[in-house]
Protein chains: 2
Amino acid sequence: MNHKVSIKDIAKIANVSIATVSNVINGTGRVSAETASKVNKVIRELQFVPSASARSLKDKNSHLIAVVVPFVEKGILQDNPFYWELVRGVENGARFHEVQVILLGIDEHEDFSFVKGRHLDGLIVVGVYEDSAAYAKILSLGVPCVFLDSYLSDPKLYQVDLDDEAGGYLGTKHLIGLGHRAIAVLTGKVEQGGVNDHRHQGYLRALQESGIPSLPELIFEVDSSAQGGYQAAQRISGCRQKISAVFAFSDISAMGLIRGLYDIGLRVPDDISVVGFDDIFYTQHMIPSLTTIRQDIVSKGQTAVNMLLDQINGTESPRRKVTIPVSLVVRQSTIPNKKI
Amino acid sequence: MNHKVSIKDIAKIANVSIATVSNVINGTGRVSAETASKVNKVIRELQFVPSASARSLKDKNSHLIAVVVPFVEKGILQDNPFYWELVRGVENGARFHEVQVILLGIDEHEDFSFVKGRHLDGLIVVGVYEDSAAYAKILSLGVPCVFLDSYLSDPKLYQVDLDDEAGGYLGTKHLIGLGHRAIAVLTGKVEQGGVNDHRHQGYLRALQESGIPSLPELIFEVDSSAQGGYQAAQRISGCRQKISAVFAFSDISAMGLIRGLYDIGLRVPDDISVVGFDDIFYTQHMIPSLTTIRQDIVSKGQTAVNMLLDQINGTESPRRKVTIPVSLVVRQSTIPNKKI
DNA sequence: CTGAAAGCGCTTACAG
DNA sequence: CTGAAAGCGCTTACAG
């Protein structure tokens, strides 16, 4: 289209130097009100927008951050809608600060060269493990980061986590309160000290508190996916222990589980009670609606952005680690244990 | 951290000029194999990554595209997981071409200055209407665009749409085949010539083909959301016509509807059959699982990226308009009309 | 209060 | 095959 207008064009038309135009734009230096308004007028007329590339070439910051999420398989992002919620939160928080968000899936071969290449101001990293290659590479980048759901041990790191232990505890406690004793858990992949491990710890604490022994055969380490939950149904119904309740560590696996149980003739909640985790938006529309542990995913994303920007701007907030609270939402998928 | 290494550092160490380094990096000009390998070695050693800002300052293209999606309310993205699927497709397609993706929610006040500011190479725009302010502004930008689900009349525009009319036809035909005659539709917001209008046209065609009169009282223009579907349940059960089947133009509203019907004592499919639209991943895990019109959302995103990049690179493909096919997936939510 | 000039890290004709 | 130089659009000391 129309040959891109630059600061030079503005300067020429406004009859000032480019330095002055720059000063007007950035509110730096001292400019007379008169000159400023003259320049601003021209800027408006020509719809001038400063070049981000030129700026970041000098400045050394790009007002660009990336949300880094792991791929499931090569090249394709996780299909858990959880990520969408998170990204919505990040977009929302970033927008408020005039920063733009690049979305980025990574696998173990990612070399993160784009971080340098694009002069990214910072990274929001979701779910990396301490011993992963990605983690090491990210740290070596020396760029501001906020880690989500990662439970990293280094206290210097900025992290946003959920109170997973409390979630595990609350869900289990709820079931115990309903008279259930043989409570199975669908943990998803358990990494030492990771999200699911913490939820599991909460489960154990609740059990212990009520003097219920924890049985290893009640732990099902199946995939955190609908398929994973679906497949678990078989194993649960075939279990020696007559399981009366299941706590799935993700709504998505709870959904698969319920469907799986249904297909082998078991009804929720009549035959088995089920508790999920996350409170993904559609849990309330399921039949039966799902009792679950609620977390505010959008606010998690917003919190992460804010921490990242504080870090970038040197407004070092004292809080390096934020824990988002959870709560229990009781719906229809859990009822008192009838065999009591 | 370590003072950013530039092309100059490489040149100095490799004992060549910066022009040569540039040529090696880009495979341009003529460079002896010897020199090239020497330069490459230094690049590798210093882990040099060229600056995207500096490049785009010269080049005039940034290898950055944006996915533009409308906000529901101010500042927050739609919560329909449909968008996540789409974004996954775009990320995947873009990755393959070494382009990065900015995610951007817009409302009617968006001025799109970031497009100029960031020198974006192109835009993938989801669901804008011909008479919207956003549409006019986007066109005036003069930047390559691909419009998704927008049904714009200008034949010059690059567009990816779904075969919505066929979808509307297939779903309705399926219900008619099962003996249903009083078939209600939950349309979502109908814009003249838009997505839902096309689906509605398909519905009308199927009806007409079977000699079934179309009754205006069977058209429910409720929100394409779980809430919208939920609220429609009341009106549907209270309708004069004894409705035996409902075709919801989104899975998300079908889900809300089924739940709403359930809450007032109506069972799907026994009392009412329901067909959805989209085949969002969890439809197969619902109880009953949902009969729906399937579209491949991920491939829609991929197609859009490819068209956009062809356009950017001047590899003008002859196809300006691509229509993604739909198919019917029969599951448990539809059964023969018993009152026949 | 305002302007001339250097420089950010590249690419691209143009010489040689 | 290789290099010196200009220039992309800004910002930032530094003069005046």
Side-chain angles (χ1 to χ4, degrees), chain A residues 2-40 42-43 46-64 98 113-121, chain B residues 2-40 42-43 46-64 98 113-121:
Chain A
N2 41 16
H3 148 273
K4 172 78 170 120
V5 359
S6 82
I7 209 176
K8 269 191 205 161
D9 304 307
I10 305 295
K12 196 179 302 167
I13 298 178
N15 247 311
V16 295
S17 73
I18 59 166
T20 297
V21 176
S22 175
N23 281 140
V24 170
I25 293 171
N26 300 298
T28 50
R30 349 210 78 268
V31 187
S32 72
E34 204 181 351
T35 310
S37 80
K38 184 173 59 178
V39 171
N40 276 321
V42 178
I43 287 179
L46 272 64
Q47 302 190 56
F48 169 72
V49 182
S51 157
S53 329
R55 274 189 164 165
S56 85
L57 199 52
K58 294 257 18 165
D59 278 22
K60 208 75 208 154
N61 64 358
S62 59
H63 296 272
L64 219 45
E98 310 206 294
S113 59
F114 65 94
V115 174
K116 271 190 194 174
R118 293 250 181 239
H119 306 286
L120 296 190
D121 288 352
Chain B
N2 43 15
H3 148 271
K4 173 80 170 121
V5 358
S6 82
I7 209 176
K8 269 190 206 161
D9 304 306
I10 306 295
K12 196 178 304 169
I13 298 177
N15 247 311
V16 296
S17 72
I18 59 165
T20 298
V21 176
S22 174
N23 281 140
V24 170
I25 293 171
N26 301 298
T28 50
R30 349 212 77 269
V31 186
S32 73
E34 204 180 351
T35 310
S37 79
K38 185 174 56 177
V39 171
N40 276 321
V42 179
I43 288 179
L46 272 65
Q47 302 191 56
F48 168 71
V49 182
S51 156
S53 329
R55 273 188 164 166
S56 85
L57 198 53
K58 293 256 22 165
D59 277 24
K60 211 71 207 157
N61 64 358
S62 58
H63 296 273
L64 218 46
E98 309 205 296
S113 58
F114 64 95
V115 174
K116 270 190 192 171
R118 294 248 182 240
H119 305 288
L120 296 190
D121 288 353

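Source: prediction; values computed, not measured. The figures that follow rest on heavy atoms only: side chains count, while hydrogens, waters and symmetry mates do not. Labels below follow one simple rule: chain letters A, B, ... track the order of the sequence lines, proteins then strands, and each chain is numbered from 1.
- Across all strands shown, A:Thr35 has heavy atoms under 4.0 Å from sugar-phosphate atoms exclusively, and none from any base.
- Distance from the side chain of A:Ala19 is smallest for D:dT12 among the nucleotides C:dT12, D:dT2, D:dT12.
- In this structure, B:Ile43 atom CD1 and C:dG9 atom P are separated by 15 Å, rounded to whole Å.
- Side-chain N/O atoms of B:Ser22 include none lying less than 4.0 angstrom from OP1 or OP2 on C:dC10.
- Phosphate proximity of C:dG7 to B:Lys8: absent, as no side-chain N or O sits under 4.0 Å from OP1 or OP2.
- The distance from atom OG of B:Ser22 to atom CZ of B:Arg55, rounded to the nearest 0.5 Å, is 7.5 Å.
- Taking the side chain of A:Asn23 as heavy atoms from C-beta on, and the options D:dT12, D:dG3, D:dC10, the nearest nucleotide is D:dT12.
- Between the C1' atom of C:dC10 and the CG atom of B:Asp9 lies a distance of 13 Å, rounded to the nearest Å.
- If you take CG of B:Leu57 and P of D:dG9, they are 7 Å apart, rounded to a whole angstrom.
- Here A:Ser6 contributes atom OG and A:Lys12 contributes atom NZ; the two are 8.0 Å apart, rounded to the nearest 0.5 Å.
- Annotation: the span from A:Ile25 atom CD1 to A:Ile18 atom CD1 amounts to 10.5 Å, rounded to 0.5 Å.
- Atom NZ in A:Lys58 sits roughly 16 Å away from atom P in D:dC8 (whole-Å rounding).
- Of the side-chain N and O atoms in B:Arg55, none sit less than 4.0 angstrom from OP1 or OP2 of C:dG9.
- Distance CD1/B:Ile7 to CD1/B:Ile43: 8.0 Å, rounded to 0.5 Å.
- Atom pair A:Asn15:CG and C:dT2:C1' shows a separation of 13 Å (rounding to whole Å applied).
- Remark: P of D:dT11 and NE2 of A:His63 are 10 Å apart, rounded to the nearest angstrom.
- A:Asn26 has a side-chain polar atom (N or O) that falls below the 4.0 Å cut-off from OP1 or OP2 of D:dT11.
- Of the candidate nucleotides C:dT11, D:dG9, D:dG3, D:dG3 has the atom lying nearest to any side-chain atom of B:Val16.
- Atom P of nucleotide C:dG9 and atom CZ of A:Arg118 are separated by 17 Å, given to the nearest angstrom.
- Close to C:dT2, at under 4.0 Å from its OP1 or OP2, lies no side-chain N or O of A:Thr20.
- Contact annotation: A:Ser17 does not reach the phosphate of C:dT2 (side-chain N/O to OP1 or OP2, under 4.0 Å).
- Interatomic distance, B:Leu57 CG to A:Ser56 OG, rounded to the nearest 0.5 Å: 9.0 Å.
- Side-chain N/O atoms of B:Ser32 include one lying less than 4.0 angstrom from OP1 or OP2 on D:dT2.
- Distance NZ/A:Lys116 to OG/B:Ser51: 12.0 Å, rounded to 0.5 Å.
- Across every strand in view, C:dG16 sits in a pair with D:dC1 that passes the Watson-Crick or G-U test at under 3.5 angstrom.
- Residue contacts shown for A:Ser51 are limited to sugar-phosphate atoms, with no base heavy atom under 4.0 Å away.
- Within the nucleic acid shown, A:Ile18 comes within 4.0 Å of at least one base atom, counting heavy atoms only.
- Atom pair B:Lys12:NZ and D:dT2:P shows a separation of 20 Å (rounding to whole Å applied).
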